[in-house]
S.K.: 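Attaching a single structure in structure tokens format; questions to follow.
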Amino acid sequence: MTLEDYLQQDAQLYPDKVALVGNGEILTYSQLYERVLIKANQLKGQSYVKGQIVTARNTQSIDFVVTYFALHIIGCVVAPLEKSMPDELFDKVTMLLSAHEMPDGIADILYTTGTTGQSKGVIVSHRAIVADAENLIDGQGFSHELVFVINGPLNHIGSLSKIYPVVLLGATIIITDGLKNVNDFFCAFSFPAEKFATFLVPASIRILIQFNAERLAALADKIDFVETGAAAISHDDMKQLCHLLPKSRLYNTYASTETGIISTYNFNDGRCIAGCLGRPMKNSKVVITDGGLISCQGDTLMSGYVGEPERTATVLHDATVFTSDIGRLDDEGMLHLSGREDDVINVGGFKVAPTDVENAAMAHPDVADCICIPVKHPITGVALKLLVVTKNNVLNKKAIALFLKMKLEPYKIPMIYEKVESVRRTYNGKPDRKFYNRQS
């Protein structure tokens with residue numbers, strides 16, 4: 001069965017159940033499926049054909065979701081793109097994709113890092129979508145009664161993948177447009193239901209902790225679980241979220257567009273283990289290579305990169321996706337992540353994962369955000385520099401350095417400290433290390 005088969009089944013089994021809420025509109029499953037069929041007929045009349053890749057601008061709305069389902073029903077492959085993408089770039093991507101036709105079983109082309117000339121179009125199958133849904137249901141306890149609040153962009157796997165388990169179970173989705181208007185996010189939880197969940201990238205969690213802690217804590221009895229992922233969450237933020245939501249399951253998930261949803265860990269288990277991403281889920285397997293890198297197997301894997309067979313072969317072979325993530329499996333079979341191979345900084349022969357430095361610094365009471373970057377040094381060749389966003393508008397370099405000396409090995413202590421107004425991040429909340437490396 002495809003996701004759309006489950007949607008049809010939901011319309012039959014739960015016709016009056018609320019399926020989608022967004023932009024002031026509410027659709028039941030029968031209404032949603034009827035609207036999808038009408039849209040599918042309209043698209044057929046526009047000469048869309050099976051196997052064709054169709055670009056669709058994500059409008060973070062019910063209309064986008066309807067179009068997404070409708071294109072699948074007529075056999076098209078959907079390439080959802082940023083809603084704010086310039087028209088010229090949108091047209092360029094559309095033209096590039098028009099040269100390709102996908103075989104049966106392919107659902108989506110998802111771009112990994114904001115569609116630029118260097119980005120990767122990841123081919124995702126219908127089989128992978130259902131396997132991701134089953135992983136999330138089994139690993140995080142999605143249920144028919146759940147209302148999932150989506151606030152991230154629906155053209156990326158972090159939020160798009162939450163539609164999958166909801167449709168398999170006939171649950172409810174509320175679509176909001178990020179945390180630009182935080183009131184919209186909190187208003188979503190006033191929907192008449194008892195069990196809510198949401199996905200938040202670490203940067204969004206930090207915003208809520210710093211500026212909306214009381215409002216978040218007030219939802220403690222409503223929030224069944226929160227999932228985070230896409231970037232590393234600091235241990236300090238993990239502990240603060242456990243304090244604000246003591247009754248909620250709080251999941252740190254390992255996933256990517258290429259691997260699908262692989263493993264998850266409820267860090268509100270009384271241990272709150274930093275860097276832990278839990279055990280692989282039912283449709284997935286993790287193997288650590290001899291070089292200490294994470295490789296993944298199972299039904300959730302991508303089918304390749306569109307139009308790039310050579311690039312695909314370097315990452316996907318032997319039914320395995322080989323990542324650049326550095327990790328290990330502990331005695332309990334749980335995955336631990338310690339950074340990316342490409343991000344490791346070599347300081348005088350010592351290899352430093354910048355996330356180790358950042359996680360330690362984030363525990364300092366005056367640090368609101370930070371990023372550790374390499375800079376040129378006349379003696380060691382490379383030195384560590386910590387860019388810091390402060391909470392009190394004052395950077396006490398000595399105090400932070402002494403604080404880090406209590407938590408880190410000597411070679412991991414930054415030599416240079418600089419106050420900045422903000423840390424530049426990618427769409428999914430990851431520090432934009434490539435940007436800073438170009439600047440340094």
Side-chain angles (χ1 to χ4, degrees), residues 112-114 116-120 202-203 206 230-237 256 274-275 288-295 314-315 322-328 336-364 366-390 394-440:
T112 56
T113 53
T116 67
Q118 300 301 314
S119 63
K120 297 166 286 188
R206 188 169 298 123
I233 181 172
S234 74
H235 196 216
D236 188 60
D237 285 349
S256 71
I288 305 300
T289 68
D290 292 341
L293 301 180
I294 298 170
S295 62
T314 64
V315 176
F322 294 85
T323 79
S324 297
D325 295 324
I326 303 167
R328 63 180 177 87
H336 295 255
L337 183 68
S338 56
R340 286 185 62 82
E341 185 181 37
D342 297 342
D343 295 337
V344 168
I345 304 170
N346 193 320
V347 182
F350 292 99
K351 293 184 177 180
V352 179
T355 50
D356 290 348
V357 182
E358 292 155 6
N359 286 337
M362 284 301 299
H364 191 283
D366 293 336
V367 176
D369 202 0
C370 65
I371 183 171
C372 179
I373 63 171
V375 292
K376 294 179 181 178
H377 190 271
I379 298 174
T380 62
V382 173
L384 298 179
K385 180 178 182 179
L386 191 68
L387 304 180
V388 183
V389 180
T390 62
V394 175
L395 177 62
N396 189 328
K397 301 177 184 180
K398 185 176 180 180
I400 294 175
L402 290 172
F403 180 81
L404 292 178
K405 284 181 180 179
M406 295 187 293
K407 293 179 172 291
L408 298 170
E409 299 92 331
Y411 65 88
K412 292 183 179 179
I413 308 301
M415 186 178 294
I416 305 166
Y417 299 81
E418 180 183 330
K419 180 179 175 296
V420 294
E421 293 300 315
S422 63
V423 171
R424 181 181 173 120
R425 294 181 178 274
T426 64
Y427 69 85
N428 57 14
K430 294 180 183 179
D432 192 346
R433 300 190 191 279
K434 292 181 180 178
F435 169 80
Y436 288 104
N437 290 343
R438 288 194 300 268
Q439 303 298 310
S440 59

S.K.: Write down the atom of Leu408, the atom of Asp356, and the distance for their closest heavy-atom approach.
M.R.: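 Heavy atoms only, the tightest pair is CD2-O, 3.8 Å.
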
S.K.: Is the closest side-chain heavy-atom distance between Leu337 and Ile294 below 4.5 Å?
M.R.: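 Heavy-atom side-chain distance check passes, below 4.5 Å.
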
S.K.: So how far is it from Lys407 NZ to Leu402 CG, rounded to the nearest 0.5 Å?
M.R.: 13.5 Å

S.K.: From Ile371 CD1 over to Phe435 CZ, what is the distance, rounded to the nearest 0.5 angstrom?
M.R.: 9.5 Å

S.K.: Does a sphere of radius 6.0 Å around CZ in Phe350 hold more than 12 heavy atoms from other residues, nucleotides or ligands, not counting ones at 6.0 Å or beyond?
M.R.: no

S.K.: If I compare all heavy atoms of Ala368 with all of Arg206, which pair ends up nearest, and what's the gap?
M.R.: O-CD, 3.0 Å

S.K.: For the residue pair His377 and Ala383, what are the closest heavy atoms and their distance?
M.R.: CB-CB, 3.9 Å

S.K.: Is the closest basic N to carboxylate O distance between Arg425 and Asp432 below 4.0 Å?
M.R.: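 The answer is no: the pair does not qualify as a salt bridge.
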
S.K.: Check Met362 against Asp236 and note the closest heavy-atom contact, atom names and distance.
M.R.: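 In terms of heavy atoms, the two residues are closest at O-OD2, 3.5 Å.
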
S.K.: Testing Asp366, Leu395, Ile413 one by one against Ile400 for a side-chain contact (heavy atoms from CB on, under 4.5 Å), which residue passes?
M.R.: Leu395

S.K.: Measure the CD1-CD distance between Ile326 and Glu341 for me, rounded to the nearest 0.5 Å.
M.R.: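 Rounded to the nearest 0.5 Å, the CD1-CD separation comes out at 6.5 Å.
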
S.K.: Nearest 0.5 angstrom please: Ile233 CD1 to Thr355 OG1, how far?
M.R.: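 Reported value, rounded in 0.5 Å steps: 13.5 Å.
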
S.K.: Any chance you could measure Lys351, atom NZ, to Asn346, atom CG, to the nearest 0.5 Å?
M.R.: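 Nearest 0.5 Å value for the NZ-CG distance: 7.0 Å.
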
S.K.: How far apart are the closest heavy atoms of Val357 and Lys412, and which atoms are they?
M.R.: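 Here Val357 and Lys412 meet closest at CG2-O, 3.4 Å.
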
S.K.: Using a 6.0 Å cut-off, check whether atom NZ of Lys419 has over 12 heavy atoms from anything other than its own residue.
M.R.: yes

S.K.: Can you establish whether the number of heavy atoms outside Glu409 located under 6.0 Å from its atom CD is more than 12?
M.R.: yes

S.K.: For the pair Tyr436 (side chain) and Arg424 (backbone), establish whether a donor and an acceptor sit closer than 3.5 Å, ignoring hydrogens and angles.
M.R.: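 It does hold such a pair.
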
S.K.: Can Glu358 and Arg433 be counted as an ion pair, charged N to O under 4.0 angstrom?
M.R.: yes

S.K.: Is there side-chain contact between Met415 and Leu384, with at least one heavy-atom pair below 4.5 Å?
M.R.: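 A side-chain contact is absent here, since even the closest heavy-atom pair is not under 4.5 Å.
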
S.K.: Do the non-hydrogen side-chain atoms of Val352 and Tyr411 ever get within less than 4.5 Å of each other?
M.R.: yes

S.K.: Using 0.5 Å steps for rounding, measure from the CD1 atom of Ile373 to the NZ atom of Lys385.
M.R.: 5.5 Å

S.K.: On a heavy-atom basis, which atom in Ile345 and which in Cys372 lie closest, and how many Å separate them?
M.R.: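 Heavy atoms of Ile345 and Cys372 come nearest at CD1-O, 4.2 Å.
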
